[in-house]
Amino acid sequence: MKIADFTAPTEPLPHWHDHLALWAASRQPGALPLDRCVIDLRAPELEPPHLVDRTGLAQIAGLARDDLPDPKYGRRDLPVPQTETTEGPRWSQPVARDWAEQHHSIHGPQALLSGTTAFDTEQPLGLVTDHNRLTEIICDSLEDADSRKRKRGLRHGQTKHEESAADLAWWPAVALSNDPNGLVPVAALHTTLVEAVVGGLAEDVDRAGKPNRAGVSLGDIRTDVVKLLDWYILRKPGRAPALFGEICLIARLRLGLEPRDVGDLLRRSLHLDSELDGDTVDALLDLALPPSAKEPGPAGHERG
């Protein structure tokens with residue numbers, strides 16, 4: 001029965017003890033013991049002593065309290081509180097843990113794949129790389145122009161080429177990946193990458209010709225596609241979970257492939273051809289892959 005189709009009766013169910021006894025007698029072998037089955041609406045995690053405040057939420061998420069979204073301007077980025085008190089919102093611990101996992105999935109890749117710019121700010125590694133390269137190109141051109149001035153005997157003052165080049169190169173570097181007005185259409189690249197990976201998976205499925213998709217052998221993602229994956233996630237690391245999640249979802253819906261098999265393929269292909277080192281690849285995928293696509297860890301738990 002779907003929860004959307006369920007309507008609670010307006011009156012208490014008569015003889016509900018008989019209904020309960022019938023349910024207990026007709027349960028299948030291997031079902032949970034009766035003392036572990038929920039038969040009322042009592043939720044111990046919602047009792048006031050068990051709720052957590054902002055400090056508790058930060059501790060569960062492994063963050064400093066000041067690193068939580070601002071309560072005035074970032075309230076939408078916090079989980080919905082289970083109650084409001086005069087001291088502020090309160091959350092149940094399961095809600096706090098779910099939010100912490102989601103927060104790390106969204107912000108973890110961005111923190112992992114960040115670097116320091118020439119201005120001592122943290123930005124995506126791809127943007128830092130583009131800026132450094134453009135700085136080098138512009139600096140060389142400035143030095144070349146200065147050298148030509150010397151040869152012509154023109155008067156000139158001493159200039160800080162590297163500092164000037166860094167300033168000149170910053171906005172062109174941003175324009176490379178600042179969708180939608182950037183030089184590269186990042187949103188369109190997202191769609192193209194999804195279709196490229198899923199298209200390769202479809203070829204494997206067609207080649208195998210098996211009705212049971214769980215046994216299909218998946219070939220490595222093409223090197224050029226992995227290079228584009230690198231380019232994308234290095235410049236938009238915060239979008240990595242959405243990218244990998246969409247690939248796994250479409251592969252399951254369109255091709256019947258298990259998310260874990262697709263996750264294994266992404267991990268293997270990135271290890272083979274990504275410019276990121278192996279530890280960074282593993283850390284990124286542990287953060288950004290959906291839970292259903294992660295490898296099982298010790299004692300049956302998933303990685304990450």
Side-chain angles (χ1 to χ4, degrees), residues 1-8 16 20 23-24 27 30-114 122 237-246 248-249 252 259-260 263 267 279 282-304:
M1 187 174 188
K2 295 181 179 179
I3 190 65
D5 300 331
F6 177 76
T7 302
W16 70 269
L20 183 61
W23 165 79
R27 296 188 318 134
L32 288 174
L34 289 176
D35 59 0
R36 293 185 59 192
C37 296
V38 177
I39 57 172
D40 60 26
L41 298 181
R42 181 175 177 271
E45 66 271 15
L46 296 180
E47 295 177 359
H50 296 159
L51 300 178
V52 297
D53 58 7
R54 280 178 60 84
T55 300
L57 179 65
Q59 290 175 345
I60 290 174
L63 301 171
R65 192 176 189 276
D66 292 341
D67 289 339
L68 289 177
D70 188 279
K72 290 183 179 179
Y73 308 108
R75 190 68 177 263
R76 70 176 65 182
D77 298 321
L78 291 169
V80 177
Q82 278 59 72
T83 187
E84 293 279 359
T85 69
T86 55
E87 292 81 17
R90 296 290 185 270
W91 297 274
S92 72
Q93 294 184 41
V95 168
R97 288 193 293 269
D98 286 347
W99 178 83
E101 181 177 352
Q102 182 184 31
H103 180 84
H104 287 303
S105 174
I106 294 173
H107 298 282
Q110 190 156 344
L112 178 69
L113 301 179
S114 67
E122 292 296 313
R239 299 185 188 178
L243 175 67
F244 295 145
E246 188 172 347
C248 292
L249 177 62
R252 180 172 65 85
R260 184 161 291 165
R267 191 179 298 271
D279 289 341
D282 285 334
L284 171 66
L285 293 177
D286 288 345
L287 287 165
L289 282 176
S292 60
K294 294 179 183 177
E295 299 176 5
H301 295 291
E302 292 177 344
R303 291 183 56 162

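Values reported hereafter were calculated over all heavy atoms of this structure, with side chains retained and with hydrogens, waters and symmetry mates removed.
Here the CG-CG distance, from Leu68 to Asp77, works out to 11.0 Å after rounding to the nearest 0.5 Å. Distance check: Leu287 CG to Phe244 CZ gives 11.0 Å after rounding to the nearest 0.5 Å. Atom CG of Asp53 and atom CH2 of Trp91 lie 7.5 Å apart (nearest 0.5 Å). We find the CZ-CD distance between Arg54 and Gln59 to be 12.5 Å, quoted to the nearest 0.5 Å. Rounded to the nearest 0.5 Å, atoms CZ (Arg252) and OG (Ser292) are 7.0 Å apart.
At least one donor-acceptor pair closer than 3.5 Å links the side chain of Arg260 to the backbone N or O of Lys294. Not one N or O on the side chain of Gln93 forms a donor-acceptor pair closer than 3.5 Å with the backbone of Glu45. In this structure, the side chain of Arg27 does not engage the main chain of Pro33 through any donor-acceptor pair within 3.5 Å.
The shortest non-hydrogen separation linking Leu57 to Val52 is N-CG2, 4.1 Å. The shortest non-hydrogen separation linking His104 to Pro109 is O-CD, 3.7 Å. Ser92 approaches Gln82 most closely through the heavy-atom pair N-OE1, 2.8 Å. Residue Cys248 comes nearest to Pro259 through the heavy atom pair SG-O, 4.2 Å, listed as atom of the first residue, atom of the second, then distance. The nearest pair of heavy atoms linking Ser114 to Gln110 is CB-O, 3.3 Å. Between Ala100 and Ile60 the shortest heavy-atom distance is CB-O, 4.1 Å.
Arg65 and Thr55 share a donor-acceptor pair across their side chains, judged by distance under 3.5 Å alone.
Every residue meeting the ring pair (Phe, Tyr, Trp, His ring centres under 6.0 Å) condition with His103, not counting sequence neighbours, appears here in chain and number order: Trp99, His107.
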